[in-house]
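Report on one structure; see the data block that follows.
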Protein chains: 2
Amino acid sequence: MERPADDLTARARIRDAAIRLFGERGIEGASIRDIAAEAGVSSGLVRHHFGSKESLREACDRYAKERMLQIGAELTQDHDLSGLDPLALHPVAFPLQLYIVRSMMDGSETATALFLEGVDAVEEWTTSYGINPKDRRGYAAALAAIKLSVFVFRDQVSKALGEDITTAAGYNRIGQALMEVFTIPLLTQEQVDNMRNQEK
Amino acid sequence: MERPADDLTARARIRDAAIRLFGERGIEGASIRDIAAEAGVSSGLVRHHFGSKESLREACDRYAKERMLQIGAELTQDHDLSGLDPLALHPVAFPLQLYIVRSMMDGSETATALFLEGVDAVEEWTTSYGINPKDRRGYAAALAAIKLSVFVFRDQVSKALGEDITTAAGYNRIGQALMEVFTIPLLTQEQVDNMRNQEK
DNA sequence: GGCTTGACTACACGATCGTGTAGTAGTTTG
DNA sequence: CAAACTACTACACGATCGTGTAGTCAAGCC
């Protein structure tokens, strides 16, 4: 695929613009003409390079997935809590995360596959760290969804905090808060069991 | 506003269809013609009753908010853990939640206000339950986002579990799993502090 | 009876969308 | 040098969108 050295070409600019606009406005909300304007090219060139809007989306999916795995690999070298540290560093990852989340919601197979791989990773992580929930798969799926939640509701969270979480400062703040959720047990296992029986 | 007795009118059917389609496909993804067809009326009638698509959306916002608060009030009578029990019962609430989440993501003020009210509620709840995070506001915002995350990623979670979480059974399963996240501390406060220093 | 009013439909409008076609400029290749 | 190829633009197409207009039909009121 493209090497980083080629990353100033029109094709790369179009792809980056697509990831940014798709992520912000959703797939349907960003037109090819918008993307072309954002990239500073004609709309025909988008078609020339990517064929169709759907193909452009698939190309963005592949690129975003590749980059995220790349960034994830870098993080695991630095930290040992990578499975739980979704918000660590790398502001580069933010637009990628936004795009992937949007792509998931619009039913992309590649993005969904990335989610499933994340669930698998969390599942293995719980095993190796001696965490034994009653429903390990469900637990892993819930954690995977939680990891992405602040990206989805970035505007709402920013408004609640009075601080833009897309900036480095706000990014760290909500990241810390999310970590804190995992440090304070809010319920005992007994309470959960009671609730389960109650609902049945 | 409308009483439940009037709820079989064409106006109510349009509103329900709009909430369902908006929730599933997003605001831009559901056209007025689609909604009209789903409600079994002409597209002109949608305009007759609601004026414009934006007005229809606002009407849906108001109705969904009202209904959710209503359902929330009923839940607090039955349970005492309502602040943490987003998935309890009421399958009626599911399409409403989906709609509200979509409306939030598309920048609705009413839906965002509902989120902020939720953050306030969680914040008060932590205080009264003696939970004292370092960043109470951030903690509450993170919890509020988490509460909604499984709705956003319902398709992905369902695929990961091999079980449709829009059904009662899957609904309960992921709900229990989400509860378990709050019972098992994954990190110590010390670890979080170390991470914070490391990132600064 | 006539007359208003509200629910409802059919149809046409301009705008915007994704896509298709034709063509230009510059580089490469034989 | 000519042919071929690539990057790129301009423009036109059909479809679909939200919206506007005109009109039908039935119920209620004078």
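Source: prediction; values computed, not measured.
- The CG atom of Leu45(B) sits 19 Å away from the P atom of dA22(D) (whole-angstrom rounding).
- Set against dT19(D), dA7(C), dT19(C), the side chain of Lys53(B) has dT19(D) as its closest nucleotide.
- We find the CD-CG distance between Glu109(B) and Leu116(B) to be 11.0 Å, quoted to the nearest 0.5 Å.
- Shown here are the side-chain contact (heavy atoms from CB on, under 4.5 Å) partners of Ala64(B), two or more places apart in sequence or in another chain: Leu96(B), Tyr99(B), Ile100(B).
- Partners of Ala18(A) by side-chain contact (heavy atoms from CB on, under 4.5 Å), not counting sequence neighbours, listed by chain and number: Phe22(A), Ile35(A), Leu56(A), Cys60(A).
- Between the P atom of dG18(C) and the CD1 atom of Ile14(A) lies a distance of 14 Å, rounded to the nearest Å.
- Legend: residues meeting salt bridge (charged side-chain N to carboxylate O under 4.0 Å, His left out) with Arg25(B), ordered by chain and number and at least two apart, are Asp34(B).
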Enumerate the protein-to-nucleotides 23-26 of chain C contacts in which both atoms are nitrogen or oxygen and the separation is below 3.5 Å.
none

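- The CZ atom of Arg11(B) sits 12 Å away from the C1' atom of dA7(C) (whole-angstrom rounding).
- Taking atom CG on Leu56(A) and atom P on dT19(C), their separation rounds to 10 Å, with Å as the unit.
- Glu38(B) pairs by the side-chain contact (heavy atoms from CB on, under 4.5 Å) definition with Ala17(B), Arg20(B), Leu21(B), not counting sequence neighbours.
- Between the side chains of Thr126(B) and Arg136(B), a donor-acceptor pair is found at a separation under 3.5 Å.
- If you check residues 101-108 of chain A against DNA chain C, you find no residue with a heavy atom closer than 4.0 Å.
- A salt bridge links Asp106(A) to Arg102(B): at least one charged side-chain nitrogen sits closer than 4.0 Å to a carboxylate oxygen.
- Taking the salt bridge (charged side-chain N to carboxylate O under 4.0 Å, His left out) definition, one finds that Arg137(B) meets it with Asp120(B), Glu123(B), sequence neighbours left out.
- In this structure, Arg11(A) is positioned above the aromatic face of Phe50(A), its NZ or CZ under 6.0 Å from the six-membered ring centre and within 45° of the axis.
- Here dA7(D) presents its P atom at 11 Å from CZ of Phe50(A), a figure rounded to the nearest Å.
- Residues satisfying the side-chain contact (heavy atoms from CB on, under 4.5 Å) criterion with Ser42(A), sequence neighbours excluded, are Leu45(A).
- Between the CG atom in Leu98(A) and the CG atom in Leu148(A) there is a gap of 10.5 Å [rounded to 0.5 Å].
- Arg154(A) and Thr166(A) form no side-chain donor-acceptor contact under 3.5 Å, judged by distance and modelled atom types alone.
- At dC8(D), none of the side-chain N or O atoms of His48(A) fall inside 4.0 Å of OP1 or OP2 (strictly under the cut-off).
- Across all strands shown, Ser43(A) has no heavy atoms under 4.0 Å from either base or sugar-phosphate atoms.
- Between His49(A) and dT6(D), a side-chain N or O to OP1/OP2 separation shorter than 4.0 Å is absent.
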Filtered N/O pairs between nucleotides 23-27 of chain D and protein, under 3.5 Å:
none

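- In this structure Glu117(A) satisfies the salt bridge (charged side-chain N to carboxylate O under 4.0 Å, His left out) test together with Lys65(A), sequence neighbours excluded.
- Applying the salt bridge (Lys or Arg N to Asp or Glu O under 4.0 Å) definition to pairs two or more places apart or across chains, those involving residues 159-172 of chain A are Glu163(A)-Arg173(A).
- Against DNA chain C, the stretch residues 25-42 of chain A makes heavy-atom approaches under 4.0 Å through Ala30(A), Ser31(A), Ile32(A), Arg33(A).
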